[in-house]
Student: 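Below: one structure in structure tokens.
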Amino acid sequence: MIPGSATGSTLRVEHIWGTAITFDCRDPLPNDAGDEVFQWFRRVDDLFSTWRVDSEISRLARGELARGDLSVETRTVLDLCDDVMVETHGAFDIHVGADPRVAPREGLGRIDPSGMVKGWALDRAAERLEAHGVSNFMLNAGGDVVVRGRPAPAEQWRVGIQHPWRRDKVAAVVEVEDQAVATSGCYELGDHIIDPRTGKPAQGLVAVTIIGDDAALADARATAAMVRGRDGLDELANAGIAAMAIGDDARVTVTEPFSRVRVG
Amino acid sequence: MSNSNTEARTIRRAATVVVATAGTITLLANFHTTSASTGSSANVAVTGSNAQTTSSAGVAAPTTSTPAHSPSSAGTTTTVAAQRTVTGPDVSTQYGDVQVRVTLNGTRLVDVQALRLPSDRSRSVSISRRAGPELRSEALTAQSANIDAVSGASYTSDGYIQSLQGAMDRART
């Protein structure tokens with residue numbers, strides 16, 4: 001059942017970033033590759049946590065650091081965020097927490113790339129694992145999923161899309177290989193996404209899932225799509241992006257590329 | 001495990017065509033199957049309200065959907081294994097002609113394609129684009145499925161954060 005080997009798989013779950021990170025590896029894992037992955041996620045928390053005053057992003061937001069003082073990782077993410085802000089016509093904007101129209105809330109930084117960091121960190125973690133020769137695994141960081149290879153030679157990774165109101169159910173199932181599946185949503189009371197253009201909570205959608213090669217982009221695009229609501233779905237469809245949106249009216253809208261990987 | 005046979009989907013699952021119109025379109029069209037001998041029909045209602053709203057094309061399952069080679073069982077819905085397409089009639093509306101084609105797998109609606117949509121007005125252009133084959137809409141379903149992972153906004157409530165993701169990730173029965 002293990003691609004390329006008969007000696008064991010690894011399933012490891014740790015709590016970092018205030019969420020669960022799952023690492024499901026179907027290949028034999030070289031000595032400390034698993035530890036390296038979780039160390040990497042802790043480093044990402046050190047750099048990007050908006051919940052911690054000592055993170056690099058919090059210090060940047062307070063003006064204690066200039067861009068030139070930042071780590072390569074943080075600069076890279078900020079640059080990527082700028083790119084997606086342009087691509088999404090301002091629907092993805094890491095400065096929403098500094099908007100005077102937006103009520104401050106715990107965890108919302110004045111500079112807050114959280115909408116991309118999970119995906120970006122997953123991409124980098126996957127690269128590290130591949131550098132170790134590991135090629136069949138799944139990483140799930142709080143609902144953003146990256147898969148490589150296959151769970152078994154004759155199978156593809158099956159990723160469920162969380163049902164917005166029934167915690168034990170999924171709204172759809174996709175089969176993917178070497179892809180990222182990122183979902184942005186507001187499933188819980190008070191967990192809303194702010195439209196940077198109005199300073200008000202985004203309307204219309206409760207969850208958006210994006211599938212793509214790049215988890216960072218998928219993650220940020222899912223957040224932007226939540227903000228743009230139903231009006232943004234056309235653009236995703238026209239761009240050939242695999243996307244599924246769940247409306248607050250319990251309607252599900254999918255793009256054609258999403259339909260192609262959907263199995264349930 | 002690759003079998004996606006999750007919960008049986010409701011045969012009356014509606015497909016929605018997103019339509020943005022300046023006014024209201026209401027269509028009721030009788031569909032005729034491509035295989036004339038079956039006599040199957042489905043009523044299709046397309047309703048649209050104000051611009052930017054979503055209107056649904058509820059495609060009711062055929063009341064009698066029976067392949068030509070088997071006896072018909074009156075009053076029941078017969079599941080047909082083969083996939084087939086049903087093209088609706090061309091219907092004139094005040095905004096232009098509308099024609100859609102549905103694909104059924106048995107009695108399950110698997111696809112809706114807009115063959116003709118109004119395109120003579122700027123509003124209507126957006127109708128055609130939105131209702132085209134690249135975007136599909138449907139009712140939300142709740143499934144239990146064999147999966148390796150769950151993608152979704154993570155719950156922050158105590159208990160769920162501790163157990164849900166790990167449990168779901170492990171749930172490959």
Side-chain angles (χ1 to χ4, degrees), chain A residues 11 13 15 18-20 22 24 138 140 142-145 147 151-152 154-175 181-188 191 207 209 230-231 233-234 237-238 240 246-247 249-256 259 263-264, chain B residues 1-7 9 13-18 20 51-56 110-111 113 126 128-172:
Chain A
L11 181 64
V13 182
H15 295 108
T19 192
T22 306
D24 182 349
M138 180 274 290
N140 185 351
D144 288 340
V145 177
V147 306
E155 295 171 9
Q156 284 190 303
W157 292 101
R158 292 168 60 88
V159 180
I161 313 300
Q162 178 66 54
H163 191 286
W165 301 295
R166 296 189 61 184
R167 294 180 164 182
D168 58 337
K169 301 288 185 189
V170 294
V173 181
V174 294
E175 283 190 348
V181 184
T183 298
S184 177
C186 46
Y187 294 170
E188 292 194 321
D191 179 20
T209 299
R230 295 186 175 93
D231 292 345
L233 301 178
D234 279 336
N238 293 338
I246 304 174
D249 57 354
R251 302 296 304 175
V252 175
T253 305
V254 298
T255 64
E256 209 278 320
S259 304
V263 295
Chain B
M1 177 150 168
S2 61
N3 182 3
S4 66
N5 186 18
T6 58
E7 285 183 355
R9 296 201 180 194
R13 186 167 130 193
T16 294
V17 180
V18 179
Q52 307 301 320
T53 62
T54 303
S55 65
S56 63
V110 293
D111 195 15
Q113 278 185 293
S126 86
S128 297
R129 203 163 57 80
R130 302 201 75 170
E134 69 274 16
L135 266 185
R136 300 282 156 66
S137 186
E138 67 192 28
L140 176 67
T141 58
Q143 306 176 37
S144 303
N146 297 331
I147 45 177
D148 299 304
V150 180
S151 175
S154 58
Y155 293 109
T156 51
S157 301
D158 288 346
Y160 282 98
I161 188 177
Q162 297 296 321
S163 66
L164 177 79
Q165 182 178 301
M168 292 292 271
D169 287 344
R170 285 167 202 254
R172 32 187 136 86

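Letters A, B, ... are given to chains in the order of the sequence lines, protein chains preceding strands, and every chain is numbered from 1. The structure displayed is predicted, hence computed values, not measured ones. Scope of the values below: all heavy atoms of this structure, side chains included, with no hydrogens, waters or symmetry mates.
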Student: Taking atom CG of Leu140(B) and atom CZ of Arg166(A), what is their separation to the nearest 0.5 Å?
Tutor: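 Nearest 0.5 Å value for the CG-CZ distance: 10.0 Å.
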Student: Most heavy-atom pairs under 4.5 angstrom with chain B, which of Gly240(A), Ala237(A), Gly247(A), Ser259(A)?
Tutor: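 Most heavy-atom pairs within the cutoff with chain B belong to Ala237(A).
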Student: Would the distance check show the side chain of Thr255(A) and the main-chain N or O of Leu135(B) forming a donor-acceptor pair, the cut-off being under 3.5 Å?
Tutor: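 It does not hold such a pair.
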Student: What distance do Ser137(B) atom OG and Leu233(A) atom CG have between them, rounded to the nearest 0.5 Å?
Tutor: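 One finds 9.0 Å between OG of Ser137(B) and CG of Leu233(A).
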Student: For a quick test of reading the model, state the closest non-hydrogen atom pair linking Asn140(A) to Val150(B) and the distance between them.
Tutor: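 It is ND2-O, 3.0 Å.
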Student: With distance as the sole test, does Asp148(B) use its side chain to make a donor-acceptor pair with the main-chain N or O of Arg158(A) at under 3.5 Å?
Tutor: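 Flag set: sc Asp148(B) to bb Arg158(A) pair under 3.5 Å.
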Student: Considering all heavy atoms of both residues, which atom of Ala171(A) and which atom of Gln143(B) are nearest to each other, and what is their separation?
Tutor: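 Taking every non-hydrogen atom into account, O-NE2, 3.4 Å.
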Student: Does the side chain of Gln162(A) come within less than 4.5 Å of Ser151(B)'s, by heavy atoms?
Tutor: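 They are not in contact (no side-chain heavy atoms under 4.5 Å apart), so the answer is no.
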Student: Quick one: which of Val254(A), Val145(A), Val159(A) has the most heavy-atom pairs under 4.5 Å with chain B, could you say?
Tutor: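 The residue among Val254(A), Val145(A), Val159(A) with the greatest pair count is Val254(A).
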